[in-house]
Every structure is written in structure tokens, then in C-alpha cells.
Amino acid sequence: MSTTSRAQVVIVGAGPAGLLLGQLLHREGIDAIILERRSAAYVLGRIRAGVLEQGTVGVLEHVGAAARLRREGLTHHGVEIGFNGRRHRIALTSLTGRSVTVYGQTEVTRDLMDARSLSGARTVYEAEDVALHDWEGRSPRVTYRKDGVEHTIDCDFIAGCDGFHGVCRRSIPADRQQVFERVYPFGWLGVLAEMPPPWSELIYASTERGFALASLRSPTRVRCYVQCALDEKPENWSDSRFWDEFRLRIGAEMADRVSAPQTLEKSIAPLRSFVVEPLRFGRLFLAGDAAHIVPPTGAKGLNLAVSDVFFLHEALRDHYRTRSDTPLNHYSVRCLQRIWNAERFSWWMTRQLHRFPGDAFDRRLQEVELEYLFESEAAQASLAENYVGLPY
């Protein structure tokens, strides 16, 4: 048994990038269907970072998915960097006039799911064997299997929002794409825990033992990280081992305030910088993690995905509204300018704050760079501008 249907745009992937693109297109009257190979529960179970730029918050407001964010999101006007036993605050708002909002990516995804459900637009979860066809021609289509039934969707365009391991980028021949990649020799062990945050702003710590980050998700939950080896496994880190190590890295003043809270989730994420060029292949467009990965140190991953799909929706809107394809033709260049700026900043933050294998010369350069940052208002202003992100 098989079915054939039609949509103007097929979006592959129901993470925040795909869901947001779907909402943006729905508001423009563009018929888009979203296909996701996982269940909705699985998608919501993925724990990710959640530092949102003002531009990202604005886009979520635009699609009607920011009511809970406005109630529960935590506005931050600065971040702290710890080094050599002392902490220095980077005054984001004083230096830039902008702030960031801490709100978990899981919650963003939930809000977008709810908004899409209210809109009545089509989303297919547990779509198996998704395949792309004729994406370089004039009649692209996407096939998938659901509950034993084979489905075909004829469309005008395909948006690949299905992540680093998704089918969309893998459908493009290797000789058609240029890949830039750096894999870092460590990962982040992250813990989500039930504890009122003893800090009011994010604290990044660079120590001889490695990097640590004190973050928060709500007035009752924290999200904390320590740098670890790539071959580490979460099950080898008991709660007591994690919190003992975290205290050693975060600094004596803050360590005294950290209890042994109830752990809700524990996982290890490798760090990677990755960009594929271009982002357009015929009638197939890549966005979000399908197109780029940044190490989380710079808090850019979700924000880049939002800018991608915002630019893509503008280009598709103009195609259907005015029959102009100029924005579609410029989509890749427009996104890549922003992507490479974020890649540079995320690489710099990662390079300066982590303990790398190497000689004393490299470590000394890190120390000199951080000392310069603490002493130079111009350097702090540059960091703050990059951290809060470019306005739309």
C-alpha cells in the first residue's frame, strides 16, 4: 500500500530548527510538512544547552512560541570567567546594550511543538526510511514509510533540518560539498540537577584540572559541566565524583555553596567544529546542525540554527510572494557569514578555557590571553559583542 501527497516545502527533522521553520512558513501561508524519524517523546528527551540571543527570543515571539519563555526564562546581563583562583565578570549589557536569556533548548522544542499542534500543520513522527529524490531537478520528492505504508510527498523545496547525522546532508555526493572540521580531544560531562542555583550568572572556569561551567535552567535546577576525556563514560562518574571534581574546578568561593544535589540526567558530549559549504544544493537547503556544529563554549548552536531558518523562511516567502529567487540564491552566502563568525568565536572560547594536550608554551599563551582579557575593556567589549550575537 502506498500514498502520494503534495506540500510546497518538506522539512526533514522536528528539532527546534525544523519546528521553527515550519511555524515561520505557516505564518506566511506556505504549506510545509515536517518529517521526523524519532518519536515526539524522544525529541523532547534530548537535553541541550539553552542560552538564547535577543534575536532568537524575538523570532520565537514572532511565531507565538515565547509566552512561557517570557515567564520562566532567566535574563542574564553578564557572565563570569574564572582563572587562577579569581573570577572576572563580563558585563554584557553595559558593554553592548543587549542581554541573553537562559531557557533550555528542550523547553524551546516543547513550546514549538505546542504552537505547531495548535496551528493544525502537519508533522509526521516516526517516519522511517526517509529518502530524498530529484532534489536537483524541478520536481523533488521525499519518500518515507510509516506503519508499514509507503508515502511519497511531491514538493517544490526540501529543507534539511535533520542534524549532523541526518539523511539530508548524506544524500549529497561528497564531491559536491566542501567540509571544514575540527574534532577536539575532549568532551563535556554534563549533569542536570535539582538544586537552587548558588550563582546568578553563568561561570566559565579555566583550571589546571580542566574546564568547568556552572549554568542554570530555572530557579530550582542547575546544569553543570566538566571537561573530560573522550573515552570517558557517564556511568563511571558517580554523583559524588562529579560534584567533588566540579567543586575543585569552579573555585573555592563557589564550591562552598555547592551541595550534593539530586541528579536528573548525566551525559557526555564530544566537542566539534564543523561547517559544510555551500548550504544550497538545487532545491535542497541545509540548516542548523545539518550544516554546522559549534563547540558549546560560545553558546551559539541553537542561535545559529534560528538565524538559518529565519533567513530561509524569508527567501521562501519572497519566492512565493513575489516570484523572486534572489534571496534563495543568496541564502548560503548570507548564512555562512554569520556561521563563520560564530565558529571563530566558539573556537576562541574553547581554545582559551580548556586544558589541551600540549606543552607549557601553549598553556602560558592561554594565561597571557586571559590576563589581557581581564585588563582590557576593548577585549571584554569584543567578547561581549560576540556572546550576545548580532541583531537581525
Side-chain angles (χ1 to χ4, degrees), residues 47-53 73-96 99-105 186-228 242-261 263 266 269 271 295-301 345-346 348-355 366-367 369-375 379-381 383-384 386-389:
I47 305 296
R48 298 288 188 273
V51 177
L52 309 183
E53 298 171 3
L74 306 174
T75 301
H76 283 203
H77 299 286
V79 297
E80 295 190 7
I81 296 178
F83 171 66
N84 272 354
R86 61 192 179 99
R87 298 205 314 271
H88 188 91
R89 183 174 185 268
I90 307 297
L92 301 176
T93 304
S94 296
L95 290 166
T96 69
S99 59
V100 295
T101 301
V102 172
Y103 187 70
Q105 182 171 316
F186 43 74
W188 277 15
L189 171 62
V191 164
L192 181 67
E194 199 76 39
M195 179 177 72
W199 44 83
S200 58
E201 295 177 333
L202 276 68
I203 302 173
Y204 294 79
S206 174
T207 78
E208 291 292 332
R209 301 182 67 88
F211 170 80
L213 171 61
S215 183
L216 56 164
R217 285 292 174 268
S218 75
T220 61
R221 289 185 177 181
V222 297
R223 180 72 167 163
C224 300
Y225 304 88
V226 296
Q227 176 184 349
C228 67
F242 175 85
W243 292 112
D244 286 347
E245 185 63 31
F246 179 78
R247 290 188 193 95
L248 288 171
R249 298 188 192 188
I250 205 61
E253 177 190 349
M254 195 56 64
D256 291 340
R257 306 182 194 175
V258 178
S259 63
T263 297
K266 188 183 298 174
L271 269 63
T297 329
K300 292 297 160 205
F345 176 65
S346 299
W348 184 88
M349 288 281 285
T350 303
R351 185 69 205 174
Q352 295 309 317
L353 297 175
H354 289 77
R355 184 74 168 173
Q366 284 181 310
E367 295 172 355
E369 185 77 6
L370 288 172
E371 292 288 356
Y372 172 71
L373 174 67
F374 291 176
E375 295 168 3
Q380 293 171 39
L383 188 154
N386 281 279
Y387 197 88
V388 301

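Note that the structure is predicted; figures quoted are calculated from it, not measured.
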- Under the side-chain contact (heavy atoms from CB on, under 4.5 Å) rule, what do Leu383 and Phe345 come out as? Steps first, then yes or no, please. CA-CA 8 Å; Leu383 188 154; Phe345 176 65; 4.2 Å; yes
- Message: Evaluate Met254 against Trp199 for side-chain contact (heavy atoms from CB on, under 4.5 Å), listing each step before the verdict.
- Response: CA-CA 8 Å; Met254 195 56 64; Trp199 44 83; 3.8 Å; yes
- Item | Stepwise side-chain contact (heavy atoms from CB on, under 4.5 Å) check, Ile90 with Tyr387 | CA-CA 10 Å; Ile90 307 297; Tyr387 197 88; over 6 Å; no
- Query: Between Val102 and Thr75, does a side-chain contact (heavy atoms from CB on, under 4.5 Å) hold up when you go through it step by step?
  - Reply: CA-CA 6 Å; Val102 172; Thr75 301; over 6 Å; no
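Distance alone, capped at 3.5 Å, places no donor-acceptor pair between the Gln352 side chain and the Leu370 backbone. Between the side chain of Arg221 and the backbone N or O of Ala193 there is no donor-acceptor pair closer than 3.5 Å. Checking side-chain atoms of Arg249 against main-chain N and O of Arg209 turns up a donor-acceptor pair under 3.5 Å. For Glu80 (side chain) and Ile203 (main-chain N/O), no donor-acceptor pair under 3.5 Å exists by modelled atom type. Counting only distance, with no hydrogens or angles, the side chain of Glu201 and the backbone of Gly78 share a donor-acceptor pair below 3.5 Å. Checking side-chain atoms of Trp188 against main-chain N and O of Val226 turns up no donor-acceptor pair under 3.5 Å. Of the possible polar contacts, one joining the Gln380 side chain to the Leu373 backbone as a donor-acceptor pair under 3.5 Å is found.
Under the ring-ring contact (aromatic ring centres under 6.0 Å, His included) criterion, Phe186 pairs with His354, Phe356, sequence neighbours left out. Not counting sequence neighbours, Tyr372 has no partner by the ring-ring contact (aromatic ring centres under 6.0 Å, His included) test. For Ser99, the side-chain hydrogen bond (donor to acceptor under 3.5 Å, both in side chains) partners at least two apart in sequence or on another chain are Gln54.
Pairing each heavy atom of Val222 with each of Pro198, the nearest pair is CG1-CD, 4.5 Å. Leu92 and His76 get closest at one heavy-atom pair: CD1-O, 4.5 Å.
Taking a cutoff of 4.0 Å between a charged side-chain nitrogen and a carboxylate oxygen, Arg351 and Glu369 do not qualify as a salt bridge. Taking the charged nitrogens against the carboxylate oxygens, Arg86 and Glu371 do have a contact shorter than 4.0 Å, which makes a salt bridge.
For the atom pair CG (Leu213) and OG (Ser206), the distance works out to 12.5 Å, reported to the nearest 0.5 Å.
Ring geometry for Phe242 versus Phe246: interplanar angle under 30°, hence parallel rather than tilted (30 to 60°). By the 30° and 60° cut-offs, the orientation of the rings of Phe374 relative to His88 is parallel.
Between Tyr103 and Ser218 there is no side-chain heavy-atom pair separated by less than 4.5 Å.
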